[in-house]
Amino acid sequence: MATEYIENKLKLLPSKPGCYLMKDINGNIIYVGKSKNLKNRVRSYFKSKQVGRRAELVREIRDFDIITVSSDKESFLLEITLIKKYQPYYNVQLKQGTGYPYIEITNERDPQTKLTSIVKKDGGYYFGPYPNVYAAQATLKFIQKVWPLRRCHGKQGRPCLYYHMGQCLGACFKEVPKSEYDEQIKKIKSFLNGDITQAKRDLTNRMMLASEQLEFERAAEVRDQLRYIEQTVEKQKIISNDHTQRDIFNFYVDKSWISIQIFFLRQAKLLRRETRMFPLTDVTDPEDEFVSFIAQFYNQRNRVLPKEVLVPEGIDNDSLSEVLKVPVRTPQRGQKKSLLKMAKDNAQLKLNEKFRLLELGNRKTKGAQKEIFDALGLPYGHRIESFDHSHIQGVDPVSALVVFTDGEPDKNEYRKYKLKGEVEHQNGADEVGNTREVVRRRYSRLLKEHKRLPDLILMDGGQIQVEACLDVLRNELNVDIPVAGMVKDDHHRTNHLLFGDPTKGEELRLIPMDPKSEGFYLMTRVQDEVHRFAITFHRKTHAKNALSSKLDEIKGIGPKSRNKLLRQFGSLKKIKEASVEDLRRAGLTLPQAQTVKLTL
């Protein structure tokens, strides 16, 4: 049901193309969409019955903004920019990076081949991603033996070990002609793009020549390289008639969910595939979500664009081509059309499998989180943040933050804080000071960077921590995030939530949780996780500080020498076990090394 404020804004909507930005109660942008007709599209959210994820979105909308443009293509380009900027919760969320390695031919005067998981716009040639690191390592090892470039640091005044092994062209002690590098790179690229005929011919000639010259060990080594091609490269099934680097996308929709399948074709073979599934926010136009997904997919830093992208019919290929800067095509017949169908069939299989597992998982995660919000009398929120402090009698105080999204830990969002620790044990001001400091630092930064605030903060503690947190949020930062404490009983077991807002005249009250409920289990899991994270961080900090203090007591060891030892050895035990020569190699002078050895 739309509020009177939203009803009035709906009457002012223009019938023009553009983007709309949906906002929640805190003013966070939770969804970005586009439309050829903003008036019809935005009104449809509030004027018709919604189901699934779209119904969840509408329940959270408290305001919206629009941006008009002159064409549908412009609205698509703007939508991608806005999604990248705001990362709205209800839009497709893609994690950065693939976790898969690439082979890179570096763009240098003396180039080299190497494995990398970070793709940069540096003019280098990247091939991949490989399905696993072992396949990439084997291919790289083969290339470095057959078509060597540079394997050393270069310009060291003498031939390196790899030069003697025939795996370096000699940049270590001489200037290698650029033409020699270019010839090798041409052969490497040809091989990586699927042309193995020339490689087999060259290797066979090398093997015959080595045999004629009675270099049987060398001939055996070349024979093993030929076997690598036969057993590893040729054995893979050829599924394309050409060697164009190509990515194939297709999708399947059912029960307000979309499943997207991506095939990566390299060397005329299916090198790897990925599946992504998520609930649809806009069930009326799944094609829009699909196109938005593809654009974001290549926006990640660890993605190399292919030479061509294939998509099914009904997609705005021109707009997508403009965003990706590579041809986007829809095949009408033949092998490529068959591959598109195979991608759709796989997307359907994966989604059917997902549905069988989804109900149980939702009950334990999202359902559990809903129980916590219901117990507190709050509308459902997606993000919970929790703090805990750790110190030993006020020494080396630290705080830790964990984040749970829809009932699951989001470890990329965890944060650690070293605190100033102005401790006054008599009146318990240490807990108050630590809480105020970490809450102030966390949320002043989120506000400054215009990042999404949590829907609930859970403090690992009772009244002291909750009141300190509320005071900073309400009176310093003017933020209205709900705060609750996770309270333990006399046996140190969590049994209640402490909730209320004294800054608004509300008393803090104990709210029981059913110990057999999923919500209770999630609450204890959050508490255990934040406690574990804080304790682990404190142990490392305390051990490091204790080691620094011990080293500071040694005569003749200043801050620079201490840091050299910390970087090299990392622990007091390893420094004690090190010889005088080991200590000198770490950067100490002979007198310093002898002093450290004698003192410890």
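Each residue takes its place number in the sequence, starting with 1.
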Test item: T330 side-chain N/O and V311 main-chain N/O as donor-acceptor pair under 3.5 Å: yes
Carboxylate-amine/guanidinium proximity below 4.0 Å for D316 and K73: no
Member of V42, T281, V58, I29 meeting the side chain to side chain contact (heavy atoms under 4.5 Å, CB included) criterion with M22: V42
S259 (side chain) donor-acceptor with A347 (main chain) under 3.5 angstrom: yes
R62 side chain to N26 backbone, donor-acceptor under 3.5 Å: no
Sidechain N-carboxylate O distance under 4.0 Å for D285, K36: no
Mutual orientation of the aromatic rings belonging to F249 and F290 [parallel < 30°, tilted 30-60°, perpendicular > 60°]: perpendicular
Donor-acceptor pair between E529 and Y414 side chains, under 3.5 angstrom: yes
Side-chain donor or acceptor of N107 paired with backbone N/O of D122 under 3.5 Å: yes
Any side-chain donor near an acceptor of the partner, N28 and Y89, under 3.5 Å: no
Atom CG of L378: over 12 foreign heavy atoms under 6.0 Å: yes
Straight-line distance of M342 CE to Q261 CD, nearest 0.5 Å: 9.0 Å
Distance (rounded to the nearest 0.5 Å) between S292 OG and N91 CG: 6.0 Å
Donor-acceptor side-chain pairing of N40 and S35 below 3.5 angstrom: no
Pair S321-D318, side-chain donor/acceptor within less than 3.5 Å: no
Polar contact flag, side-chain donor to acceptor under 3.5 angstrom, T435-E437: no
NZ/NE/NH1/NH2 to OD/OE distance under 4.0 Å, E56 and R59: no
Intermediate values then yes/no, side-chain contact (heavy atoms from CB on, under 4.5 Å), E371 and M523: CA-CA 10 Å; E371 287 182 19; M523 179 178 68; over 6 Å; no
Centroid separation F64 to Y45 less than 6.0 Å: no
Check ion pair K341-D345 (N to O, under 4.0 angstrom): yes
Side chain proximity check, V439 to L473, heavy atoms < 4.5 angstrom: yes
Rounded distance (nearest 0.5 Å) linking atom CD1 of I481 with atom CG of L453: 4.5 Å
Side chain to side chain donor-acceptor pair (under 3.5 Å) assessment of Q50 paired with S48: CA-CA 6 Å; Q50 310 296 346; S48 57; 3.2 Å; yes
CD1 on I80 to CD on Q296, rounded to 0.5 Å: 6.0 Å
Short side-chain to backbone donor-acceptor contact, R383 and F404, under 3.5 Å: no
Between R54 and S44: side-chain donor-acceptor atoms closer than 3.5 Å: yes
Side-chain heavy-atom pair R246, L339 within 4.5 angstrom cut-off: no
F293 and F251 aromatic centres sub-6.0 Å: no
Separation of L280 CG from S256 OG (nearest 0.5 Å): 6.5 Å
Mutual orientation of the aromatic rings belonging to H382 and Y380 [parallel < 30°, tilted 30-60°, perpendicular > 60°]: perpendicular
Test: D65 and K9 ion pair at under 4.0 Å: yes
